[in-house]
Structures are given as structure tokens and as C-alpha cells.
Protein chains: 2
Amino acid sequence: MTNIKDLAKMAGVSVTTVSRVLNEHPYVSEKKRMAVLEAIKATNYHKNINAVHLSKGNTLLMGVVLPFTGHPYFASLLKGIARIALEHDYKLVLFQTDYLESRELDALLMLKEKQIDSLIICSRACSLATIEEHLHYGSIVLCENIKREQISTTFVNHYSVFFEALEYLYQKGHQKIGYCIGRRSGSSSKKREQAYKDFLVKYDLHFRPEYIMDNCLYVEDAEKIIKELKTMEVPPTALLVTNDQIAAGVVTCCHNEGIAIPDELAIIGFDNQPIAKMMNITTIDIPHEQMGENLFLQAVGEEISHTEVKVKLIERGTV
Amino acid sequence: MTNIKDLAKMAGVSVTTVSRVLNEHPYVSEKKRMAVLEAIKATNYHKNINAVHLSKGNTLLMGVVLPFTGHPYFASLLKGIARIALEHDYKLVLFQTDYLESRELDALLMLKEKQIDSLIICSRACSLATIEEHLHYGSIVLCENIKREQISTTFVNHYSVFFEALEYLYQKGHQKIGYCIGRRSGSSSKKREQAYKDFLVKYDLHFRPEYIMDNCLYVEDAEKIIKELKTMEVPPTALLVTNDQIAAGVVTCCHNEGIAIPDELAIIGFDNQPIAKMMNITTIDIPHEQMGENLFLQAVGEEISHTEVKVKLIERGTV
DNA sequence: TTGTAAGCGTTATCAA
DNA sequence: TTGATAACGCTTACAA
């Protein structure tokens with residue numbers, strides 16, 4: 001493998017001069033530049049980027065932590081991140097955690113060891129304290145509604161979004177409203193639960209724990225939801241569903257089971273995915289790709305900021 | 001940032017000794033080991049991994065090239081790769097290409113510059129010759145039915161799978177069969193097209209170019225497909241659809257448009273995704289995650305191999 | 001405009 | 001069992 005020293009020897013110049021032409025720095029005579037360029041051609045030379053990293057102290061590598069990539073929410077986020085990363089000459093290192101904290105710690109370790117310059121955590125499993133301990137080694141940005149002085153965030157205000165969706169259903173005459181979420185322990189799920197409880201209090205409605213269904217992550221969980229609904233003595237008349245994929249599943253299952261939508265059951269999805277349009281599902285539009293871009297920019301930027309993204313209800317046929 | 005030299009000074013030993021305890025090499029007295037360990041604790045020391053990379057010449061980083069992660073096919077592949085990468089202490093660097101050759105070349109460049117040890121190309125846009133030029137810098141594996149001495153591959157035999165699906169439809173009485181694919185230029189699309197043409201010849205059927213619909217990548221393309229179908233004077237009675245997501249979209253559209261399935265239009269999807277089960281769509285099961293694992297193992301392994309994966313038809317209600 | 005030489009933080013070789 | 005010291009391949013003061 002030829003290196004910069006070899007080039008220098010071949011071109012009859014110093015390594016500095018070679019480095020200068022390699023990095024397009026000024027102060028190199030055309031003659032020497034040509035000589036170096038020729039040597040590069042002749043040897044099919046290319047940098048060893050690890051030496052560059054060691055020397056410069058950065059890698060232009062950005063870590064992205066997410067539970068899984070197949071999930072439409074994370075896929076959109078990732079797409080946004082990938083697009084802007086490309087523009088900024090960053091590459092992405094993927095940490096697929098399946099919500100395991102240990103995987104997240106792997107990512108944090110890579111930050112510590114300087115293999116990645118910064119880290120976007122799309123869904124956090126470890127403690128904030130752990131994050132803060134690592135802030136020292138590179139920037140870390142989060143995708144959740146948390147305001148710490150040292151950590152930039154881009155987030156949806158799940159509390160108010162959820163509350164507004166509930167109000168909308170209430171105005172449409174629904175008083176028995178259930179919802180399903182991915183994992184109850186997630187920070188957005190907690191906000192939603194709070195909104196839900198506050199909503200019940202506001203309208204003096206009865207709290208039924210069975211109306212909250214968790215572990216709804218994939219399309220196939222829709223069957224589980226409908227099955228549960230059918231066991232309830234007093235089933236809800238409306239459902240806020242984790243995301244549009246699952247909402248589509250729910251609509252399909254209702255079809256199969258002869259449950260009329262929206263008359264017997266109203267559905268609101270989240271994300272405004274194409275499938276929701278196709279199946280005429282009322283949903284809440286969330287600009288995930290744009291969120292991804294913003295996360296990236298926060299990660300490479302200097303200042304700390306907290307960006308709340310705007311969402312909007314798309315009224316369609318399932319309410 | 002404290003380094004190995006600092007530790008050596010603090011512990012009163014040489015850098016070599018420090019390196020030895022860091023890497024759990026033998027020949028270091030318990031006394032000195034302890035001293036070093038203490039220094040590590042005291043300073044909250046951690047390696048600069050880039051120096052390690054430079055010194056060792058590898059990075060434990062595997063590149064993964066794919067057009068987009070949101071697509072269920074690639075998401076499954078990625079999931080398989082991610083799972084096994086974890087076991088092998090590899091991290092993944094993602095190259096989301098959107099089928100742009102330039103992005104693929106980025107990945108190849110990183111291989112050249114030694115930032116990644118090897119590369120899995122899930123969907124190739126550049127020429128085989130280009131790939132072969134880079135083989136020298138690290139292993140590259142492909143996910144397509146191509147047999148070169150120097151390149152390992154894991155693939156589905158799209159020709160025979162497609163042919164068998166066509167035969168199945170023929171046996172069910174269909175003679176006017178159309179199909180849709182992602183991008184016509186892809187290597188698997190070419191195999192499918194060949195199978196399609198051979199099938200027509202075998203049964204002496206008329207070739208209608210409009211029965212081949214390309215650029216079907218997302219759910220929303222289903223609408224386009226149905227729209228096209230409705231403009232045809234002699235529409236097909238059966239459709240082989242790119243993947244189950246789109247098949248689900250097609251089924252939904254048919255529902256909306258009052259087209260009876262399977263009586264007016266039979267559908268076969270690909271991939272055996274959960275949505276296919278839920279919507280009772282006949283499909284072809286392809287073990288993507290397993291393919292991902294195999295690709296990874298080929299990438300880290302020494303020998304070249306060519307693995308054909310087995311698929312199977314899942315008979316359900318859309319044929 | 002050019003080059004020498006000192007880093008960057010490890011690992012590996014070899015002699016003791 | 002230990003430690004100098006030379007790689008690894010690049011960037012960057014600094015001097016000329």
C-alpha cells in the first residue's frame with residue numbers, strides 16, 4: 001500500500017507538499033503539484049483515512065441509535081437524517097438497539113473512543129444521567145420532549161397533540177376512547193398517558209385501564225387489539241392508534257370482523273403515511289423526515305436548541 | 001484527554017506494559033497490572049480507537065449499501081445483518097443510495113480508504129467491473145444471482161421463483177397475467193422478465209408489453225397500477241406484485257374500486273410480510289433476515305461462496 | 001513556495 | 001517479565 005512518503009519520494013518533494021496537494025492547500029508550484037498528481041495516478045494511491053482521523057481527531061461519522069429500522073416512524077427519521085448527512089459529507093453508523101440499553105451504551109462507547117463524532121438518539125433506553133456523562137466526548141441530540149441545558153432536542157409535543165386528538169373525538173361525540181402505544185415506558189407514551197388522564201378529568205369521564213393497550217409495534221398487533229376489544233364489556237367507540245401501519249391493520253381487522261368504521265369504531269392514526277391516505281384513515285401528520293434533518297443539524301451545530309415540530313390533523317373517513 | 005503515555009507515567013511503567021494490560025496480554029506482574037488499572041480508574045481513561053485502527057489496519061466497521069431503509073425488503077435484510085453484526089462486534093455504516101451510483105462509489109471509496117473492512121451491497125447500481133476493481137481493498141458481497149469467482153453472493157433465484165408463480169397461476173386458469181416490479185433495470189427484474197417471456201413462449205401466450213408495470217416501489221404506487229389496469233382493453237386476470245406492501249395496496253384499491261379478488265383479479269405478493277397474512281394475500285415467502293445473516297458471514301469469512309436461498313409459495317385467498 | 005520534524009495514540013518487535 | 005523504540009500514515013507548526 002503506497003503512502004504519502006512514497007509519493008514524496010517519487011515526486012521528488014516533501015511529504016508536506018504531497019499533503020498540500022492532497023488537501024488542496026495553497027503554496028504549491030504548478031510543477032510540483034503536477035509531479036505529485038502523476039505519482040498519485042501512477043500508484044493508484046489513496047489516503048488511509050484512519051491516519052487522517054487520528055491526526056485530526058474527528059471522523060465525520062455520525063451515530064444513529066434507533067430500536068429498529070423497519071418501523072415506518074424510524075425509517076422516515078433515518079431517511080431525513082441520511083439525506084442531510086450526505087450533504088454534509090457525514091456517514092451514518094447505525095445502532096439498532098431493539099430497545100436494549102446495552103446497545104445504546106455501545107454507541108456511547110464509540111463516542112467516547114472517538115470513532116463517531118456525535119450521536120443522534122432517536123429513542124432512548126438509558127438514563128439521562130448516562131447521556132450527560134458522555135456529553136463531554138461529543139454532541140448528543142435527542143428526539144424527545146426534554147429540556148436540558150446541554151442537550152439539543154427535536155420533538156413532537158405528544159401531550160398537546162394527544163390532547164387535541166382526544167378533544168376532536170369528544171367533539172365528534174365519543175366519550176369512550178381507547179388508545180394503543182408502542183411501549184408504555186417510552187417517554188412519549190408517558191406524555192400521552194398524562195394527556196389521556198387529564199382529558200378524562202376535564203370531561204369527568206371514567207378511567208378504564210383496559211382502554212390503554214401497549215406493545216403495539218407491528219401491523220400484526222392489530223389483530224391483538226381487536227381481539228382485546230371484543231372481550232371488553234364496554235368497548236371503546238374510538239381508538240387512537242400508535243401509527244398508520246397499525247391503524248391500517250386495525251381497519252382491515254374490523255373489516256374482517258364486520259365492525260363498521262367509523263360507526264362502531266372510530267380510528268385516528270399517527271404519521272400520515274401513504275397507507276393512511278389510501279385507506280382513507282384520519283391521521284395526524286408528523287414531519288418525520290424534517291425532524292431527522294433537524295436532529296442532524298443540531299448534532300453538527302454548536303449551540304444547544306430545542307425544536308418543537310408542528311403537526312396537524314388530517315380529517316378523513318375513519319372518524 | 002489522557003493517553004497511554006500518561007498512564008505509563010502515572011503507573012510508573014512503560015507504555016508497552018499499559019498496552020498489555022489494556023489488551024489482556026500475558027506477561028505482566030500483578031503488581032504492575034494493578035498500578036495500571038488504578039491509573040485507568042483515576043483518569044477515566046479510554047482508548048482512542050482511531051489510533052488502534054491506524055495501528056492494526058482494520059476498523060470492525062461493515063458498510064451496508066441499500067437504496068432505502070423504509071422498504072420492507074431492505075429493512076428485513078438490514079435487520080438480519082444487524083443482528084449477526086452485533087454478535088461479531090461489528091458496527092454497520094449505512095449507505096442509503098436511492099439507487100444513485102455515486103453513493104455506492106462513496107461506499108467503495110471508504111473501503112479503499114480503509115474506514116470500513118468490508119461491504120455488503122444489497123442492491124447494486126454500479127458495474128461489476130467497478131466492484132471487482134475494489135475487491136483488492138476488502139471483501140465485498142452481493143445480494144444477487146451472479147457467480148463470479150471473487151465475489152460471494154446470497155440470492156433468490158428470481159427466475160425460477162417467478163416461473164413457478166406463473167405456472168401456479170396458469171394452473172389456476174389464468175392466461176392473462178401481468179406483473180409489477182420496482183425498477184426494470186435491476187438484475188432481479190431482468191431475471192423475472194426472462195422468466196415471464198419464457199413462460200409465455202412455453203404456453204404460447206400473447207406478449208402484451210403493458211402487462212409489465214415498473215417503478216412500483218411504494219404502497220401508493222398501487223393506485224397507479226389499478227388506474228393503468230382500468231385503461232387496458234384486455235386487462236390481466238392475475239397480477240404478480242413486487243412485494244406484499246404494494247399487494248396490500250392493490251387489494252385495498254380493488255376494494256375501493258369494486259374489483260373482486262380473486263374473481264376479477266388474482267394477486268400474488270412477495271416476501272410473506274405480516275400484512276399479507278392479515279389481508280389473506282397469497283404470497284411467496286422469502287427469508288430476508290436469514291439472507292442478511294448469510295451476507296454478513298460471507299463478508300467476514302475467508303472463502304467465496306454462492307448461497308441460493310429457498311423460498312416457498314404461501315397459498316391464501318387472493319388467487 | 002518548500003521542507004523538516006514533531007505530533008496524533010496505539011500496537012508490535014526485539015533486546016534485555 | 002519488562003521496556004525502548006520503531007512502525008502505522010497523516011497533519012501542521014515552524015523555519016527557511
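Computed from a prediction, not measured in an experiment: that's the story for all the values here. Proteins get letters first, then strands, A, B, ... in listed order; numbering begins at 1 in each.
In 5' to 3' order, the nucleotides of DNA chain C bounding all contacts with chain B (an atom under 4.0 Å from a heavy atom) are C:dG9 to C:dT13.
Atom CG in A:Asn3 sits roughly 5 Å away from atom P in D:dG9 (whole-Å rounding). Protein atom CG of B:Asn58 is 13 Å distant from nucleotide atom P of D:dG9, rounded to whole Å. What separates NZ of A:Lys5 from C1' of D:dG9 is a distance of 8 Å, to the nearest Å. A:Lys9 has its NZ atom 14 Å from the C1' atom of D:dG9, to the nearest Å. Atom CG in A:Asn50 sits about 13 Å away from atom P in D:dT11, given to the nearest Å. Between the NE2 atom of A:His53 and the C1' atom of D:dC10 there is a distance of 11 Å, given to the nearest Å. Regarding B:Leu54, its CG atom lies at a distance of 12 Å from the P atom of D:dT11, rounded to whole Å. The CG atom of A:Asn23 sits 13 Å away from the P atom of D:dA13 (whole-angstrom rounding).
More than 12 heavy atoms of other residues, nucleotides or ligands shown are found within 6.0 angstrom of CD on B:Glu113.
With D:dG3, D:dC8, D:dT12 as the choices, the nucleotide that has an atom nearest any side-chain atom of B:Arg20 turns out to be D:dG3. Between D:dC10, D:dT2, D:dT12, one nucleotide has an atom nearer to the side chain of B:Val28 than all others, and that is D:dT2.
Checking the phosphate oxygens (OP1, OP2) of D:dT2, no side-chain nitrogen or oxygen of B:Thr17 falls inside 4.0 Å.
No side-chain N or O of B:His53 forms a donor-acceptor pair with one of B:Gln115 less than 3.5 Å apart. At a cut-off of 3.5 Å, with distance as the only test, a side-chain donor of B:Lys47 or B:Asn23 sits close to an acceptor on the other residue.
The closest donor-acceptor contact from the side chain of B:Gln96 to the backbone of A:Ala82 lies at 3.5 Å or more, if one exists at all. Of the possible polar contacts, one joining the A:His46 side chain to the B:Lys112 backbone as a donor-acceptor pair under 3.5 Å is found.
Nearer to the 5' terminus of DNA chain D, by closest-nucleotide assignment, is the contact made by B:Ser55 (compared with the other of B:Ser55 and A:Val15).
At a threshold of 4.0 angstrom between heavy atoms, the contacts of A:Thr16 include nucleobase atoms, whether or not backbone atoms are also involved. Counting non-hydrogen atoms under 4.0 angstrom, B:Lys32 reaches the backbone sugars and phosphates but no base.
B:Glu293 and B:Arg83 are joined by a salt bridge, as a carboxylate oxygen and a charged side-chain nitrogen come within less than 4.0 angstrom of each other.
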query = Run the salt bridge (charged side-chain N to carboxylate O under 4.0 Å, His left out) check on B:Glu144 and B:Arg124 step by step: do they pass?
reply = CA-CA 9 Å; B:Glu144 56 184 309; B:Arg124 179 174 55 93; 2.6 Å; yes

